[in-house]
Amino acid sequence: VYLYHPASDVFTHINQKTKEGKTMDNWVSAIVGDTQGNIWVIIPDQGIFRYKDNELYFYEISNRRQFKQESPNCICVRENGEVWIGFWGLGICRYNPQNDSFEQIVEDRDGRPLVGKNINSICEYGDWLIMAANEGELIKYNTNSIFVDYAHTPDAVENVLKSAQE
C-alpha cells in the first residue's frame, strides 16, 4: 500500500508494522480515508488495518481459520464519520472510536439476520446503509431504527449500488 503526497508528486510505501508485528502483505479490496485522518485498508485474507500519523493498527474480527468464509470485504465511511465494514459471512461491523474496536451487527431489532450474507459492496443513503450481497440481494439497514429490509434483485445489484454512490 502506498501513500500519495500530491504536493511533491511522490508515493511512499506504507511498510510499518503494528505493535503486534503485523504488516499489510496481501491483496487489498478497499482503501478509504475518514474525517479523522485515518486511512482504512481492507485486506480480506488478513483483516482490517488503520493507518494514522505513521502508525499502523490491526483489527482481526473473524476467526483466522475461517477467513475464506468470514472475511472483511468492503467499507463505508458515512458523512457523520461512522466507519462500517461489510463482511463475507459475518454481516456488518461499526467502528467504535472510544474503544478502538469494532462492534458486530448480526441482526436487526426484529431478529432478521445479517450473518451468513456475503456483502460485496456497501454505501450510505441517508439513514440507511445499502449493501449488495453475493446471493443476489440488496440489503437496506437503517442505522437509527436498526431495521433490515431485503430485496432479491440478482440482475440489478451492481448497477443500483453504483447509482447510490454517485
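- In terms of hydrophobic clustering, with Ile, Leu, Val, Met, Phe, Trp and Tyr side chains grouped at heavy-atom distances under 4.5 Å, Y2 and I39 are assigned to different clusters.
- Residues L3 and F11 are not in side-chain contact: their nearest non-hydrogen atoms beyond the backbone lie 4.5 Å or more apart.
- Annotation: side-chain hydrogen bond (donor to acceptor under 3.5 Å, both in side chains) contacts of T143 (sequence neighbours excluded): R78.
- Put simply, V28 and M24 are part of the same group of oily side chains (I, L, V, M, F, W, Y) that touch within less than 4.5 Å, one to the next.
- Atom CH2 of W27 and atom CG of D45 lie 6.5 Å apart (nearest 0.5 Å).
- Between the side chain of E137 and the backbone N or O of A132 there is no donor-acceptor pair closer than 3.5 Å.
- Connectivity analysis of hydrophobic side chains (ILVMFWY, heavy atoms under 4.5 Å, direct or indirect) links V10 to nothing; its cluster partners are none.
- For the pair A30 and I75, the tightest heavy-atom approach, listed with the atom from each and the gap, is CB-CG2, 3.8 Å.
- The shortest side-chain heavy-atom distance between V77 and W84 does not fall under the 4.5 Å cut-off.
- L90 and V106 end up in different hydrophobic clusters when Ile, Leu, Val, Met, Phe, Trp and Tyr side chains are linked at under 4.5 Å.
- Of the N and O atoms on the side chains of Y4 and D9, at least one donor lies less than 3.5 Å from an acceptor on the other residue.
- Considering every non-hydrogen atom in both A133 and N120, the closest pair reads C-ND2, 4.2 Å.
- With a 4.5 Å cut-off on side-chain heavy atoms, K140 and V148 do not count as touching.
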(request) Just do the side-chain contact (heavy atoms from CB on, under 4.5 Å) check on S121 and M131 with the steps written out, would you? (result) CA-CA 6 Å; S121 187; M131 297 165 275; over 6 Å; no
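- Residues meeting the side chain to side chain contact (heavy atoms under 4.5 Å, CB included) test with Q36, sequence neighbours left out: D34, N38, K52.
- By the 4.5 Å heavy-atom criterion applied to side chains, V41 and Y51 are not counted as neighbours.
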(request) Please report the C-alpha distance between H5 and T12 in whole Å, then the side-chain angles of each, then the deciding distance to 0.1 Å, and finally whether the side-chain contact (heavy atoms from CB on, under 4.5 Å) criterion is met. (result) CA-CA 8 Å; H5 305 278; T12 304; 3.0 Å; yes
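- Between the side chains of W128 and D149, no donor-acceptor pair is found at a separation under 3.5 Å.
- Once rounded to the nearest 0.5 Å, the distance linking CD1 of I43 with CD1 of I48 reads 10.5 Å.
- Residues I85 and P72 share a closest heavy-atom pair of CG2-CB, 3.9 Å.
- With sequence neighbours left out, the salt bridge (charged side-chain N to carboxylate O under 4.0 Å, His left out) criterion links D108 to R112.
- One finds the OG1 atom of T18 at 10.5 Å from the OH atom of Y59 (value rounded to the nearest 0.5 Å).
- A tilted orientation is assigned to the rings of F58 and F49, their planes being inclined by 30° to 60°.
- Taking the centre of each ring, F102 and W40 come in below the 6.0 Å mark.
- In this structure, CD1 on I122 lies 9.5 Å from CD1 on I139, to the nearest 0.5 angstrom.
- A pairwise comparison of heavy atoms in V115 and G89 identifies CG1-O, 3.3 Å as the closest pair.
- At a cut-off of 3.5 Å, with distance as the only test, a side-chain donor of N144 or D127 sits close to an acceptor on the other residue.
- A distance of 4.0 Å separates SG of C93 from CZ of F87, quoted to the nearest 0.5 Å.
- Residues P44 and S71 approach most closely at O-CB, 3.3 Å, considering heavy atoms.
- Annotation for N73 and I42: closest pair N-CG2, 3.8 Å, computed over non-hydrogen atoms.
- Pairs of residues two or more places apart, or lying in two chains, that qualify as salt bridge (charged side-chain N to carboxylate O under 4.0 Å, His left out) and include a residue from residues 90-101 are R50-D100, R94-E103.
- Shown here are the side chain to side chain contact (heavy atoms under 4.5 Å, CB included) partners of E55, two or more places apart in sequence or in another chain: K19, Y57.
- To the nearest 0.5 Å, the span separating SG on C74 from CH2 on W88 amounts to 10.5 Å.
- Here the side chain of T23 pairs no donor or acceptor atom with the backbone of D25 at under 3.5 angstrom.
- No donor-acceptor pair closer than 3.5 Å links the side chain of E79 to the backbone N or O of E124.
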